[in-house]
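Structure first, commentary second.
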Amino acid sequence: MKYTFYMSIVLILAVGCNRRPSRLEQALTLAGDNRAELEKVLEHYSADAADSLKYRAAVFLIENMPYHQYAEYPESADYHRQLDTLFANPIHGQSQMDSLADRIRIQKNRIQQVRDIHRMQATCLISQIDQAFETRRYGWTQVVGWDDFCEYILPYRVDYDPPEDWRPLYGKRMQPVLDSLNRPGVSAATVCEMLTAFFDPPDFFLLDNRLPLKPPPSLLMKITAGNCYDLALFGIYAMRTAGLPVTYDFTPQWANRSLGHEWNVLLTDSAFITFQIDDAVPFGHHIQSKSSDRMPKAYRRMYSIQQESLAMQSVEEEIPPLFRNPFLRDVSMHYFDAVDVTVTLTVPPPVPKEIAYVMVFDNRDWSPVGWGKIRKDRVMFPKMNRKCVYVAMYYDRGCFYPASAAPFLIDRDGNLQLYTPHAGQPVSATVQRKFPCRDVHILQERMPGGRFQLADKPDFSDAVTVHVVDTLSDMVPQRVKPDGDHACQYFRYKSAGIGHVFMAELEVYDPEGNQLSGEIIGTEGSYWNNGMDRTKAFDGNMLTYCESPVGDGWVGLKFAGKTTVKEIVYVPRNDDNHINANELYELYYYDRGWVSLGAREGDKTYQLVYDNVPGNALLLLRNHTKGSEERIFTYENDKQVWW
């Protein structure tokens, strides 16, 4: 049986031996008992020739309505009241939002999927259409073409949020701003920028997870807690109320980090402007501000059915949840120099397959970002980004299976570089981290010029500087071996400029390799009383650190007597993703799945050495003791290269 987004729609499309009914008639047939409500809308706009455009708009909305749906919960009204309370008092924070979401999730069997075509009321749809046309009085809306008006201003909904007559609510709040801008020569970009600043939520915080039930548009207007997806929906409702052609684009998964991202786009004849309602960056530079994040694919969520989407293809197999959405349009070419790539499938599927998927790593596993139709043993993945590592897979019964033995990199020239492990050409690899250092710029601002000093006087007036910190390229533990034998009673690290110490751990060793201890000394207090005082540099916790209240603060030890310092190990403020002593690690390489190269325990060298690593392999290091962040890498020129 063919798998499509809605089986009942397939059945409707299949009826009729001699002729296919119009799309409008198909939608009305699918409406069932609700057909009369939709026909009221068509009759309403058929009575007056002056409403001919509104009639066309109603047809557009109804024709594409069958695929739109939302989740309904028996206590939805109570759920919305609780959200309203939390939004009004953001001090409740993450824990209470999580608690509310968890209560809904454990009752997921009571959540019902409702189709718009079965519930839409004539009064609501007529109101939405009339108010959308009201925006055509604005100069910036008058220049919007009919197709863009229908797709980006007219729709009564955005995604899976419950339908609601939201335009009056947004319009009432925005009217003073719109009235002040409604004059000749004001551009859509100016209006969008002004409204973004007007709606900027001052106490917004990000939720770790999406809410299981989407808030209605009226609640989004009050939002103080959510994620980029919630903000994107909020941005669309606000801007469409103002007659601005705004949508949201998204990448399902970044190629070089966890999570995906959603953002708003203002579409005009002369501009393609990305923004988000809470942007801290200058308006219109939202995606530009994320230049360090690699986007493998980009999609746009449309109102109209996209015939090119996988959901609309006639395939004889189940498809992943992401691609069951028939409203996805591939817009990758708007964001990067996209290239089509062809991959040979070297691993047979568990059962015959028509579709293969291209995946990127999400810090724990592979995540789908694109698809392609299989032709014999090859598949072409269209519009892919360069300088990203991918793997091809099949999808069967809710799981992904390798379709090719080797992951591949699309290089800057658009060519494929296969990471086929060469077991006969092993290399020795020294690994220091399981996740890339993303905050090196902070170290480069805080650490250079910091000095390690030894002294016999408590005021360090006789201090000998045994090491000055230069630029740091990583957060891994650093080793310093002073020249000669330096006997002293006092040891310290003194930061320079705006350093504020910024030291996570300090270790001092004598000539026999014994770790030295003593009375902790140094600048008293902590920056803004954040609790990160001098004791944190010696507490054995890599995630705490000394942050002094003054820029040139210091921290150190007073020894019981004169002591020779032979080695210093220091760890600047860090993410604890380096190798730690007494923690269990395991290195893997990819060959039709992750293959272990053995588990071993870290020690005070803060690094692991593996002598049996296949050449040209994609690698992954896991910490079985703690932590969750991990990232794929290759080993090139004696260094870990992160992807």
Side-chain angles (χ1 to χ4, degrees), residues 61 64 67-73 76 79-80 83-84 86-87 90 97 100-101 104 113-114 116 124 128 131-132 135 151-171 173-174 192 195-196 198-201 203-252 259-267 273-279 286-287 298-304 322 325 327-329 331:
L61 293 176
N64 292 283
Y67 287 85
H68 290 281
Q69 63 177 351
Y70 61 98
E72 186 175 72
Y73 179 62
S76 287
Y79 169 71
H80 294 158
L83 280 181
D84 195 5
L86 289 172
F87 287 165
M97 295 296 290
L100 175 59
I104 304 297
Q113 296 300 317
V114 179
D116 293 7
C124 181
Q128 285 280 346
Q131 290 172 83
T135 66
E151 192 67 67
Y152 303 120
I153 298 176
L154 172 67
Y156 61 89
R157 66 141 64 251
V158 178
D159 203 349
Y160 295 111
D161 38 317
E164 186 182 51
D165 194 12
W166 45 271
R167 294 184 203 257
L169 300 171
Y170 283 77
R173 184 170 175 185
M174 296 160 54
C192 191
L195 289 175
T196 298
F198 174 73
F199 272 115
D200 183 20
D203 299 313
F204 183 85
F205 69 91
L206 289 176
L207 293 176
D208 289 340
N209 298 297
R210 291 186 176 182
L211 293 169
L213 295 177
K214 306 298 180 287
S218 56
L219 273 181
L220 284 173
M221 190 167 60
K222 305 176 182 180
I223 193 168
T224 53
N227 54 27
C228 53
Y229 171 81
D230 301 311
L231 285 176
L233 265 60
F234 174 31
I236 291 178
Y237 284 122
M239 301 309 164
R240 287 184 180 175
T241 300
L244 296 172
V246 168
T247 185
Y248 84 80
D249 290 357
F250 71 98
T251 184
L259 304 177
H261 188 51
E262 292 92 355
W263 60 94
N264 291 121
V265 183
L266 172 65
L267 302 165
I273 299 173
T274 65
F275 70 97
Q276 200 167 62
I277 208 79
D278 72 331
D279 267 343
H286 185 80
I287 288 300
Y299 296 96
R300 178 168 300 158
R301 214 296 186 168
M302 312 292 285
Y303 176 83
S304 64
L322 169 65
N325 188 329
F327 307 109
L328 298 188
R329 174 180 291 181
V331 292

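The shortest heavy-atom contact between Thr274 and Val265 is CG2-CG2, 4.3 Å. The minimum heavy-atom distance linking Cys192 with Leu266 is given by the pair CB-CD2, 3.9 Å. Taking every heavy atom of both residues into account, Met174 and Ala238 meet most closely at CE-O, 3.0 Å. Across all non-hydrogen atoms, the minimal contact from Trp166 to Pro217 is CB-CB, 3.5 Å.
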Report task. Could you walk me through whether Arg300 and Leu267 pass side chain to side chain contact (heavy atoms under 4.5 Å, CB included), step by step? Result -> CA-CA 12 Å; Arg300 178 168 300 158; Leu267 302 165; 3.8 Å; yes

Report task. Evaluate the side chain to side chain contact (heavy atoms under 4.5 Å, CB included) criterion for residues Lys214 and Leu220: first the C-alpha distance (whole Å), next the side-chain angles of each, then the deciding distance (0.1 Å), finally the verdict. Result -> CA-CA 9 Å; Lys214 306 298 180 287; Leu220 284 173; over 6 Å; no

Requested in this report: Would you sort out whether Thr251 and Trp263 count as a side chain to side chain contact (heavy atoms under 4.5 Å, CB included), showing the intermediate values?
Outcome: CA-CA 9 Å; Thr251 184; Trp263 60 94; 4.3 Å; yes

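Taking Ala298 as the reference, Met295, Val331, Ser332, Tyr335 meet the side-chain contact (heavy atoms from CB on, under 4.5 Å) condition, with sequence neighbours excluded. Residues meeting the side chain to side chain donor-acceptor pair (under 3.5 Å) test with Tyr156, sequence neighbours left out: Asp116. With sequence neighbours excluded, the residues satisfying salt bridge (charged side-chain N to carboxylate O under 4.0 Å, His left out) with Arg301 are Asp159. Remark: His80 engages no residue in a ring-ring contact (aromatic ring centres under 6.0 Å, His included) (not counting sequence neighbours). Partners of Arg173 under the side chain to side chain donor-acceptor pair (under 3.5 Å) rule, at least two apart in sequence or in another chain, do not exist in this structure. Applying the side chain to side chain donor-acceptor pair (under 3.5 Å) test to Ser218 and every residue at least two apart in sequence or in another chain returns Glu164. Contacts of Ala232 classified as side-chain contact (heavy atoms from CB on, under 4.5 Å), with partners at least two apart in sequence or in another chain: Tyr248, Glu262, Asn264. Under the ring-ring contact (aromatic ring centres under 6.0 Å, His included) criterion, Phe250 pairs with Tyr299, not counting sequence neighbours. Residues that satisfy the side chain to side chain donor-acceptor pair (under 3.5 Å) test with Asn64, not counting sequence neighbours, are Arg23.
Here the straight-line distance linking atom OG1 of Thr247 with atom CE of Met239 works out to 13.0 Å at 0.5 Å rounding. With rounding to the nearest 0.5 Å, the separation of OH in Tyr303 from NE2 in His68 is 4.5 Å. Atom CD1 of Ile277 sits about 6.5 Å away from atom CZ of Phe199, to the nearest 0.5 Å. Taken to the nearest 0.5 Å, the OG1 atom of Thr241 stands 10.5 Å off from the CD1 atom of Ile153. To the nearest 0.5 angstrom, Tyr152 atom OH is 14.0 Å from Leu244 atom CG.
Remark: side-chain polar atoms of Tyr160 are not paired, donor with acceptor, to backbone N or O of Ala71 under 3.5 angstrom. A donor-acceptor contact shorter than 3.5 Å is absent between the side chain of Gln276 and the backbone of His286. No donor-acceptor pair closer than 3.5 Å links the side chain of Arg240 to the backbone N or O of Leu154.
Ring orientation note: the planes of Phe327 and Tyr67 are nearly perpendicular, at an angle over 60° on the 30°/60° scale. Between Tyr79 and Tyr73, the ring planes are perpendicular. Angles over 60° get that label, and only those under 30° would be called parallel.
Considering only heavy atoms from C-beta on, Pro215 stays 4.5 Å or farther from Lys222 through its side chain. Two residues are said to be in side-chain contact when any heavy atoms from C-beta on lie closer than 4.5 Å; Leu61 and Gln128 fail this criterion.
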